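First up is the structure itself, then whatever we jot down about it.
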There are 2 protein chains.
Amino acid sequence: MGATKTDHFSEEQNRLANRMKALGHPARIAIMEHLISVDSCICGDIVNVLPLAQPTVSQHLKELKNAGLIKGSIEGTAICYCVDKDAIAELQNYLAKTTLQLENKEKSCC
Amino acid sequence: MGATKTDHFSEEQNRLANRMKALGHPARIAIMEHLISVDSCICGDIVNVLPLAQPTVSQHLKELKNAGLIKGSIEGTAICYCVDKDAIAELQNYLAKTTLQLENKEKSCC
DNA sequence: TAACTATATTGCAATATTACGATAAATATA
DNA sequence: TATATTTATCGTAATATTGCAATATAGTTA
């Protein structure tokens, strides 16, 4: 045991969970916020902004990339990272849909 | 090491990360979807709906509760669980804000 | 080419998560 | 009271995550 039972859930449920999980760490929230706050997406200062060692930051970036939340491309000596709008939009749409469903519910016992 | 460096991040970043993390598992996504799909929030059939053993489901429910995403109250012999609208709304607002910020960005190199 | 800069990978220790059987706790019903 | 029903907790094994030092890789510049 110990491994998530991925096969028992739908593809959408797994994709959503993966993206949520990627955002499920304060360092990765902070990375996203920094990438968004910088006007251009050319950034080589992510390490300096975070209270974590360079390998740790690199690992977090990798996870965000694997989850499809950010994209990266080589930009000379540095690497350019930026947020994938579509991925964020998908999450936002999902939650918006959920909020709507909750609004329409009549009974609520809690 | 192995423990998240919580103190180095803001309260909001930690709270958001906690909630995202709680949604970062397909079983918990499925639980939320089921709670929302049922009209009333009186439900004692969550275990039957999921492909997981009862203790596992109970544990997932506990995590959703700890993250503030669901509320539970005793309802006779069963327990009534339902989604906390405000918590979902907070996440949605955060992502909506993020999407807006991304829309307004001029430069985009990736 | 050599030194420098920026990012990635490896390897490892500490900790957290996932899953479930066994069992407990709490309430309802016969 | 005894039994059934529902949910929670305990204990434990398997696996994943977090963080960093050391090192590798790749591009740039002197």
Side-chain angles (χ1 to χ4, degrees), chain A residues 1-9 13-14 17-31 34-35 38 41-67 70-82 109-110, chain B residues 1-9 13-14 17-31 34-35 41-67 70-82 110:
Chain A
M1 342 253 109
T4 295
K5 286 188 153 187
T6 304
D7 347 340
H8 295 68
F9 302 98
Q13 287 171 334
N14 279 305
N18 258 324
R19 295 200 165 151
M20 295 289 192
K21 191 177 175 182
L23 292 177
H25 191 290
R28 294 195 290 268
I29 291 279
I31 288 174
H34 182 67
L35 283 182
V38 171
C41 60
I42 300 169
C43 11
D45 56 349
I46 305 180
V47 173
N48 305 320
V49 174
L50 292 173
L52 296 169
Q54 180 268 324
T56 308
V57 174
S58 185
Q59 199 174 276
H60 282 306
L61 285 167
K62 193 177 174 186
E63 276 172 72
L64 287 169
K65 209 168 162 184
N66 285 341
I70 64 176
K71 289 176 288 186
S73 56
I74 297 167
E75 192 79 16
T77 176
I79 283 198
C80 156
Y81 276 117
C82 56
C109 59
C110 307
Chain B
M1 337 256 117
T4 295
K5 285 190 156 186
T6 304
D7 349 338
H8 295 67
F9 301 98
Q13 286 170 334
N14 279 306
N18 258 324
R19 293 197 169 155
M20 294 289 193
K21 191 174 175 184
L23 292 177
H25 192 290
R28 294 195 289 267
I29 291 279
I31 288 174
H34 182 66
L35 284 182
C41 59
I42 301 167
C43 12
D45 57 349
I46 305 180
V47 173
N48 306 319
V49 174
L50 292 173
L52 296 169
Q54 180 268 324
T56 308
V57 174
S58 185
Q59 200 173 276
H60 282 307
L61 285 167
K62 194 178 173 185
E63 276 172 73
L64 287 170
K65 209 170 162 184
N66 285 340
I70 64 175
K71 289 176 288 188
S73 57
I74 297 166
E75 192 78 19
T77 175
I79 283 198
C80 156
Y81 276 118
C82 56
C110 309

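Scope of the values below: all heavy atoms of this structure, side chains included, with no hydrogens, waters or symmetry mates. Convention: sequence-line order gives letters A, B, ...; per-chain numbering from 1. What you see is a predicted model, and the numbers here were worked out from it, not measured in a lab.
In this structure, CD1 of I70(B) is placed 14 Å from C1' of dA8(D), rounded to the nearest angstrom. L64(B) has its CG atom 10 Å from the P atom of dT18(C), to the nearest Å. Atoms CG (L61(B)) and P (dT18(C)) sit 13 Å apart, rounded to a whole Å. Nucleotide dT17(D) holds its C1' atom 14 Å from the CG atom of N66(A), rounded to whole Å. The distance from atom CG of L52(B) to atom P of dA19(C) is 6 Å, rounded to the nearest whole Å. Regarding F9(B), its CZ atom lies at a distance of 11 Å from the C1' atom of dT18(D), rounded to whole Å. Residue K5(A) contributes atom NZ, which lies 17 Å from atom C1' of dA16(D) at whole-angstrom precision. Between the NE2 atom of H8(B) and the C1' atom of dG19(D) there is a distance of 11 Å, rounded to whole Å.
The stretch residues 17-29 of chain A touches DNA chain D through K21(A), H25(A), R28(A), each having a heavy atom under 4.0 angstrom from the strand.
At a threshold of 4.0 angstrom between heavy atoms, the contacts of T4(A) are confined to the sugar-phosphate backbone, with no base atom among them. Within the 4.0 angstrom heavy-atom criterion, base atoms lie near Q59(A).
Relative to the side chain of E63(B), the nucleotides dA16(C), dT18(C), dT9(D) differ in distance, and dT18(C) lies closest. Here the nucleotide nearest the side chain of Y81(A), chosen from dA8(C), dT9(D), dC20(C), is dA8(C). Listed nucleotides dA8(C), dT7(D), dC20(C) differ in distance to Q54(A); the shortest reach to its side chain belongs to dA8(C).
You'll find the side chain of I31(B) stays beyond 4.5 Å of the side chain of V49(B), heavy atoms only.
Residues satisfying the side-chain contact (heavy atoms from CB on, under 4.5 Å) criterion with A27(A), sequence neighbours excluded, are H25(A), L52(A), H60(A), F9(B). Residues passing the side-chain hydrogen bond (donor to acceptor under 3.5 Å, both in side chains) test with Q59(A): none are found, sequence neighbours excluded.
If T6(B) and K62(B) are placed on DNA chain D by their nearest nucleotide, the residue sitting closer to the 5' end is K62(B).
Shown here for P26(B) and T4(A), the closest heavy-atom pair between the two residues is CG-CG2, 3.8 Å.
Regarding contacts with the backbone of dC20(C), a side-chain N or O of T56(B) is found under 4.0 angstrom from either OP1 or OP2. OP1 or OP2 of dG19(D) has at least one side-chain nitrogen or oxygen of H60(A) nearer than 4.0 Å.
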Checklist entry - Does the side chain to side chain contact (heavy atoms under 4.5 Å, CB included) test come out yes or no for H34(B) and D45(B), once each step is laid out? => result CA-CA 10 Å; H34(B) 182 66; D45(B) 57 349; 3.4 Å; yes
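With N14(B) contributing its side chain and T6(B) its backbone, the two residues share a donor-acceptor pair below 3.5 Å. Checked by atom type and distance alone, the side chain of R28(A) never pairs as donor or acceptor with a backbone atom of L23(A) at under 3.5 Å.
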